[in-house]
Amino acid sequence: MNKSEARRLESVGWGFYLIVAVVLSGPCIYAAWKIKYDFHPWSYAVGLGAIFAAAIAGVVAWAVNTVLQSRVNRAKLAARKAAKRRK
């Protein structure tokens, strides 16, 4: 495997998911704080916001993985066609 193949990003992992979840946790907790009733404890808003952030981060990570993997598949298909033409 040469350097260009080693640096190619084929998918994002748990690190990307966790970073997106942490970044989204602030706005999600704030939104949950605004929609909760006054008699709910503060932990309700924090928990609900964390769940929302985790769910949205999962959707974002899935979408990014889908785009990256489709790019890799197109590149492999193009390389296979180019190799077939050279024969």
Side-chain angles (χ1 to χ4, degrees):
M1 180 175 359
N2 59 20
K3 283 187 177 183
S4 65
E5 289 178 1
R7 289 188 180 177
R8 191 170 53 199
L9 183 64
E10 294 183 0
S11 66
V12 295
W14 287 103
F16 179 78
Y17 169 78
L18 289 174
I19 289 169
V20 174
V22 168
V23 169
L24 289 176
S25 65
C28 288
I29 290 172
Y30 178 76
W33 195 274
K34 288 295 182 182
I35 64 171
K36 78 173 184 68
Y37 292 113
D38 290 336
F39 59 84
H40 287 136
W42 63 270
S43 58
Y44 179 82
V46 172
L48 190 61
I51 290 170
F52 284 163
I56 295 170
V59 170
V60 169
W62 167 78
V64 170
N65 273 331
T66 301
V67 169
L68 289 175
Q69 289 173 0
S70 68
R71 281 181 160 184
V72 168
N73 287 339
R74 274 190 268 143
K76 284 181 182 178
L77 182 63
R80 203 175 311 143
K81 283 183 179 181
K84 198 175 188 181
R85 281 189 215 133
R86 280 186 241 142
K87 284 186 177 183

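Keep in mind it's a predicted model, so treat the numbers as computed, not measured. Only this structure's heavy atoms are used, side chains among them; waters, hydrogens and symmetry mates stay out.
Taking both residues in full, the closest heavy atoms of Cys28 and Gly49 are given as CB-O, 3.3 Å, listed atom of the first, atom of the second, then distance. Contact between Lys36 and Ala45 at its shortest, heavy atoms only, is CD-CB, 3.7 Å.
Taking CG from Leu24 and CD1 from Ile19, the interatomic distance works out to 12.0 Å, rounded to the nearest 0.5 Å. Between atom OG of residue Ser25 and atom CG of residue Leu18 there is a gap of 11.0 Å, rounded to the nearest 0.5 Å. Here the straight-line distance linking atom OH of Tyr44 with atom CZ of Phe39 works out to 8.5 Å at 0.5 Å rounding. Rounding to the nearest 0.5 Å places CZ of Arg86 at 14.0 Å from NZ of Lys81. With values rounded to the nearest 0.5 angstrom, Lys84 atom NZ is found 10.0 Å from Leu77 atom CG. The CH2 atom of Trp33 lies 12.0 Å from the CG atom of Leu48; values are rounded to the nearest 0.5 Å.
Both Val64 and Val20 belong to a common hydrophobic cluster when Ile, Leu, Val, Met, Phe, Trp and Tyr are linked at side-chain heavy-atom distances under 4.5 angstrom. Linking Ile, Leu, Val, Met, Phe, Trp and Tyr residues whenever their side-chain heavy atoms come within less than 4.5 Å places Leu68 and Phe16 in a single cluster.
Put simply, the residue from Arg74, Gln69, Lys76 that forms a side-chain contact (heavy atoms from CB on, under 4.5 Å) with Val72 is Lys76.
The side-chain contact (heavy atoms from CB on, under 4.5 Å) check on Trp14 picks up Tyr17, with sequence neighbours excluded.
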